Novice: 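Below is the structure I would like to discuss, written out as structure tokens.
We name chains A, B, ... by the order of the sequence lines, and we start the count at 1 in each one. Since we're looking at a predicted model, the values are computed, not measured.
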Amino acid sequence: MKEYAIFLGCIIPNRYPGIETTSTSILKDFDIELLPINGASCCPAPGVFSSFHLESWLAIAARNIAIGEETGRDIVTMCNGCYGSLAEANHLLNGNKELKDKINDILSKVGCEFKGNSKIKHMIEVFSEDIGVKKIQEYMKNPLDGIKVCTHYGCHFLKPSEIKKHGSSERPKFLDELVRATGAESIDYKDKTMCCGFGGGVRARDIDVTLDFTREKLKNIISAGGDCIVDQCASCHLEFDRGQAEIKKIYGEEFRLPVLYFTQLIGLGIGMGQKELGLTFQNIPAESLLDKINGRKK
Amino acid sequence: MPVTKNIIRINDLNSGFIEELVESGRKIFGEDVLRSVEACIQCGCCTGSCPSSRRTAFRTRKIFRETSLGFKESVLGSDDLWLCTTCYTCYERCPRGVKTTDIIRVLRNMAVRQGYMAEAHRMTASYVFKTGHGVPINEEVQRQRVELGLNRLPPTTHSFPEALRSVQEVLRLTGFDEIVGFDWETMELRGRK
Amino acid sequence: MTEFSPRIVAFCCNWCSYVGADLAGTSRLQYPDNIRIIKVMCSGQVFPSYILKALELGADGVMVAGCHIGDCHYVSGNKKAQERVETLLRVMKTLGLDPRRVRLEWISASEGVKFANTVKEFVEEVKELGPNQLGVRE
Amino acid sequence: MTNIGVYICHCGTNIAGVVDVEALAKRVAKLKDVSLARDYKYMCSNPGQDLIRDDIKHRNLDRVVVAACSPRMHENTYKKVLASAGLNPFLLEIANIREQASWVHLDKEKTTNKAFDLINMAVSKVRMDEPLTSMSANVIQRVLVIGAGIAGIQTSLDIANIGYDVVLVEKEQSIGGRMSQLGKTFPTLDCSACILTPKMVEVSSNPRIKLFTYSEVEEISGFIGNFKAKIRKKSRGLDESLCTGCGLCQEKCPTRVPSEYDEKMGKRKAIYTLFPQAVPNIPVIDRASCLYITKGKCGVCKKVCPVGAIDYERGDEFIEEEVGAVVVASGFDPFDPTSKEEYGFGIYKNVITGLQLERLLHAAGPTQGEVVRPSDGAVPKRIAFVQCVGSRDEHANKYCSRVCCMYAIKNALLIKEHHPESEIFIYYIDIRAFGKGYEEFYKRAQEKGIKFMRGRVAEIFEEPASRNPVIRADDTLLGMVTENEVDMVVLSVGMIPRSDSSRIQKMLGLAASPDGFFMEAHAKLRPVDTLVDGVFLAGTAQGPKDIPDTVAQAKGAASGALGVVSHKALLLSPLISEVDERLCRGCGDCKDVCEYGAIELVTLDTRKVAKINPAICKGCGSCVVACCNGSIKLRNFTDSITFAMLEAALGGAL
């Protein structure tokens, strides 16, 4: 049995708990346990808080890593944002003794210490590396043949690649391979690796700019003929799901494009219902997708 | 902006701006990361790669040009500076290895110090002071969690008040409260300083 | 009692540093007369024992000067010199010698100014250190 | 008993102005073994030289010290003086009392003291110096040229025409190299073949040039004047002596595979020549695609060959050649843009490289000079050139490849002149038109209506239906992000070192610059020499170059090589290391530190000892220091000499 400390962040537990339950229950089938990191806080959002005050961002991130390290396990995140913050903080602190001491000096006042001996991982790595596409393929109960999926990798898991070291940030493959493992087809679309618009504090400050990003991505996906979008990041997930509702409100434009976190797609492939996947709680219903899956069955 | 009529007097620019930039970011990123802005050849690869500049007035290239020449006020005072979503596409492609996104974040830190922090951003920050979360829980999701068989509240600062207190303490120690203008008495944002 | 005037020996490589010293001359750059230059073909030819011998003979400072790394006329002689001198500096302490009395410098044929300044600096530093007690002095 | 004469030069007032030369002479005269010390106004003048010459003869001096300017000025002058007086020139030392004393100090007394020390040091050295004689080595008066592109061809022709033999080795089956792939050349637009093929024919017909094609140099041993090269002549699968080059075999061969020579823009047969004017005009059987060799079927070429030249089983041959000098002209490879994923090369059919376009534009190329786009064979009407692909790029090659601006402009002009209605865009960071007539050429392109777009292309994507590439770039002059849908994109890729350059580098013991190209001995003053005596560089093997610069350097390499092989024998500097075989333990530490491979371990009766090849040793002294028991010494730079100089330097009171 393998164990990870799970870093929840904000959006998963406070907006999309379905992603958490789905991921946890699937991992159980592969004998992987997730231990809570009690008292964790906001990661804090890499592009946002580091833009305000790098030191505060770093200190909070370091605290989260520190209490994660106490579990003695590697730390797994489910959001590119959380991954971005924790991985970058880990990188900066392990590479700079002076900085590490400075931050630990602060942390010591609240009784914890950053050691830098835990790996920061992303849920996508657990699936594509620990488990592997092959096992996922075998795991499928009703493969999602005929479903056209558009993947969205997001930014902070891949980039900067010189720090994150997950290979090419221009034409990544692993998420598409995971999607194909479910039997679905992963189709290409314009500006596939483009940002969803959520990050860098833009959403809070200039929502119209953010939604303009989101809109462009959605349009490209629709015109490519995608049945749904599959992401690996809670922030992007929120952006595409909640964003569609906001776009409808502000621009009267409706896309009705189901948004799935990659574990939710896998969940569909093993016949989990949309309620237990948490899809019913999302802004954009997944009916169209489920109809296509069921219709295909008949 | 040191402009007289239609002339920019280079003499009037703040030639020390680069050094201020280096000073503000050195401890976190190291000097080289900040100095890399001097290697910019204005090829525009950053801006051409930038999804924001396809729809806004944000021009990474322009910001770096202004930074290296010393247009301090116009760089730090500009709203455009805040239209970067930190997607790192320019960072990946810059042929001169300019650490674009890091430099932009340091410039933003400097802007914040100068009082250019949007109310919306102060609000976001205040949530963390109050709850430890940038996106705190709400009633509806608490119900959803229970329906999904989870605890009402996640095992985060939401469930552990002492953890929240240590987050607050950390932010006090780093001086974030002063930067954002957070009032510990009222546990609310102070009016603009 | 006259002011202490240190005696300094410099091993200069034939291709870069010796030429740099010549350039200091042709540019009429003034520097202290405490230095005596011994020409070697390459800084990599300088045996650690040469340096120790110089100190034993009472040199207050010894400088080894060669081409900049990557410019060695013999490809890598200066890298070898670097390894040897750095090792020597480490053991000098244990031998009760002050490593500050030994300097490794990269001075190219075009760096007359650097040569002159380096000599000035080194002489000042060695003055701080005072006479090398190892040497038998009259 | 040694008789040292010391000669102190006034150098007008340059020295005498600060140094009390008379007093100095008196002091020096008292030094051990110094039988006389003179001072004179100008030692380098004829009377000054005579002074020394006479003393050597009549006061029978056996060693001389001249205290004057830097040895870099007049050491050779005085060496000649000694020689002319019958004294071994290595029994001379120069005390540099001008550059190191009178020109850098002001205090007369102190400077005079320093001058005394410097002379004393010189005296104690010259006392122990040994008479040395330069040994000479015979020179094999032939040159090996590696690579028969335009550089290797030019070097070979120059050497042969001056009257020396050349061994020219080419890896490919025909000579001509990259230049033969090009359509036309900038800025004159004359066709590459028209200016190259005559030279190729000249090479094949010149009796002084021994040509090996489809061959590779596998080993080189020896040293300047005496190299031995082992050459592998790869099997062409036929008997070259019989083949008439009638071409029937190629015509009948049923197999068609993508042609490497055409940069995959066209197809070739399994038995093929690179191009119609190939030299020699003899085909090669590609063993990987030949049906007979892979599947045992077919055999058509053997059937149709009128002279029965085909011999599938023919093996490689090995030849040894002896030469006195080597010229490396191994050329470049084009940068493979696949790694610049944002440009989609290899994914978007209508994104091609500059060299692929050259093949399309080549009259004898796969399309007979008609530019068509790969996806549908249509003639592209809107074409964009993307500059600096993999060049000036921290993530690929940091350097500028120097030719891309011009070849893009050249090809743009050719297309524009062929199809005036076509719209052509060149996306650039800076246009580098540094050569003769290049800037004018650039202007001409502008006047023809070619649009120059200032901004490095950020990314390229494809319109799925039309397969049209769309270029996205910041127009830095407008300050706006632009998108430009075109029919075809040409990536102006730069030059990188040949894939096998590291093998050649190791084989010859060359150094490489940070960019991976072979390193010249001096960036400015010895641009065609290498640090290995007798080995020279020509063309793009040394770094990116255009054709004029390549030819110029090729001629330089020729004169460099001739400078070696035009002598029957070479004088070698005697200032080198020598091993005391009685002490040597044969540990080989010296061998390891020698950058020149001058040291080998040989067996002397029962034990191993180090042996230094005097022709290769450069006298750097690294081995002396590495030696564990002091059995190697550097002539006239021995420990005892150094110690003596130290004593002289530190003995004097300051």
Side-chain angles (χ1 to χ4, degrees), chain C residues 5-14 18-19 21-51 53-60 62 70-77 80-81 84 112 115-116 119 135 137-138, chain D residues 69-73 94 96 98-107 110-111 113-115 117-118 120-121 125 509 511 513-514 519 521-523 531 575-577 593-596 618-627 630 634 637 639 641-643 645-654:
Chain C
S5 165
R7 296 187 296 178
I8 289 169
V9 176
F11 293 96
C12 294
C13 85
N14 178 57
Y18 190 91
V19 190
D22 275 356
L23 183 59
T26 37
S27 330
R28 309 294 201 282
L29 303 167
Q30 300 299 307
Y31 57 81
D33 58 29
N34 309 60
I35 186 162
R36 304 286 180 268
I37 293 176
I38 295 181
K39 184 170 85 177
V40 289
M41 292 312 287
C42 175
S43 54
Q45 175 198 333
V46 177
F47 213 101
S49 67
Y50 293 3
I51 299 169
K53 182 72 173 183
L55 294 167
E56 177 200 328
L57 287 170
D60 303 295
V62 182
D71 297 350
C72 178
H73 181 81
Y74 303 107
V75 187
S76 67
K80 295 176 188 121
R84 290 169 190 142
F115 181 87
V119 174
R137 306 177 64 90
E138 53 271 43
Chain D
C69 53
S70 168
R72 307 176 56 80
M73 302 295 296
I94 306 286
N96 183 352
R98 190 179 74 176
E99 280 81 351
Q100 286 181 21
S102 67
W103 274 357
V104 286
H105 312 310
L106 298 170
D107 180 305
K110 287 182 166 176
T111 314
N113 284 335
K114 177 170 180 178
D117 285 358
L118 295 176
N120 191 7
M121 289 158 72
K125 180 174 193 301
S513 335
M519 192 165 84
H522 187 286
L531 291 167
L575 287 175
I576 56 171
S577 301
V593 296
C594 182
E595 287 286 351
Y596 305 96
K618 302 270 184 303
C620 68
S622 293
C623 54
V624 180
V625 187
C627 179
L634 181 58
F637 284 95
D639 297 359
I641 287 179
T642 311
F643 292 159
M645 290 179 80
L646 282 170
E647 277 172 22
L650 297 161
L654 283 171

Novice: Say whether D/Lys114 and D/His105, considering side chains only, have a donor N or O and an acceptor N or O under 3.5 Å apart.
Specialist: yes
Novice: Evaluate the side chain to side chain donor-acceptor pair (under 3.5 Å) criterion for residues C/Asn34 and C/Ser5: first the C-alpha distance (whole Å), next the side-chain angles of each, then the deciding distance (0.1 Å), finally the verdict.
Specialist: CA-CA 7 Å; C/Asn34 309 60; C/Ser5 165; 3.1 Å; yes
Novice: Side chain, backbone, both or neither: which part of C/Pro32 has a non-hydrogen atom closer than 4.5 Å to chain D?
Specialist: backbone
Novice: Side chain, backbone, both or neither: which part of C/Ser43 has a non-hydrogen atom closer than 4.5 Å to chain D?
Specialist: neither
Novice: With a 4.5 angstrom heavy-atom cut-off, which part of C/Val75 approaches chain D: side chain, backbone, both or neither?
Specialist: both
Novice: Return the NZ to CG distance between C/Lys53 and D/Asp639, rounded to the nearest 0.5 Å.
Specialist: 10.5 Å
Novice: So what's closer than 4.5 Å to chain D heavy atoms on C/Leu29: side chain, backbone, both or neither?
Specialist: backbone
Novice: Pick whichever of C/Asn14, C/Val19, C/Val40, C/Ile35 has the most heavy-atom pairs under 4.5 Å with chain D.
Specialist: C/Val19
Novice: When rounded to the nearest 0.5 angstrom, what distance separates SG in D/Cys620 from CZ in D/Phe637?
Specialist: 12.0 Å
Novice: Can you say whether D/Leu575 sits under 4.5 Å from chain C via the side chain, the backbone, both, or neither, judging by heavy atoms?
Specialist: neither
Novice: If you count heavy-atom pairs under 4.5 Å with chain C, which of D/Pro514, D/Pro71, D/Ala101 comes out on top?
Specialist: D/Pro71
Novice: Counting only non-hydrogen atoms closer than 4.5 Å, does C/Leu23 touch chain D with its backbone (N, CA, C, O), its side chain (CB onward), both, or neither?
Specialist: neither
Novice: With no hydrogens and no angle check, just 3.5 Å: does a side-chain donor-acceptor pair link D/Asn96 and C/Asp22?
Specialist: yes
Novice: Sort out for me which of C/Gly77, C/Ala54, C/Cys72, C/Ala24 touches chain D most, counting heavy-atom pairs under 4.5 Å.
Specialist: C/Ala54
Novice: Please check this pair: side chain of C/Arg84 against backbone of C/Gly44, looking for a donor-acceptor N/O pair closer than 3.5 Å.
Specialist: yes
Novice: Heavy-atom pairs under 4.5 Å with chain C are the metric here; pick the option from D/Ser622, D/Ala626, D/Ser102 that has the most.
Specialist: D/Ser622
Novice: Measure distances from D/Asp107 to the heavy atoms of chain C and classify the residue's part below 4.5 Å as side chain, backbone, both or neither.
Specialist: neither
Novice: Is it the backbone or the side chain of D/Leu646 that comes under 4.5 Å from a heavy atom of chain C, or both, or neither?
Specialist: both
Novice: Closest heavy-atom contact between D/Lys618 and C/Tyr74?
Specialist: O-CE2, 3.6 Å
Novice: Check the surroundings of atom CZ in C/Arg28: do more than 12 heavy atoms from other residues, nucleotides or ligands lie under 6.0 Å from it?
Specialist: yes
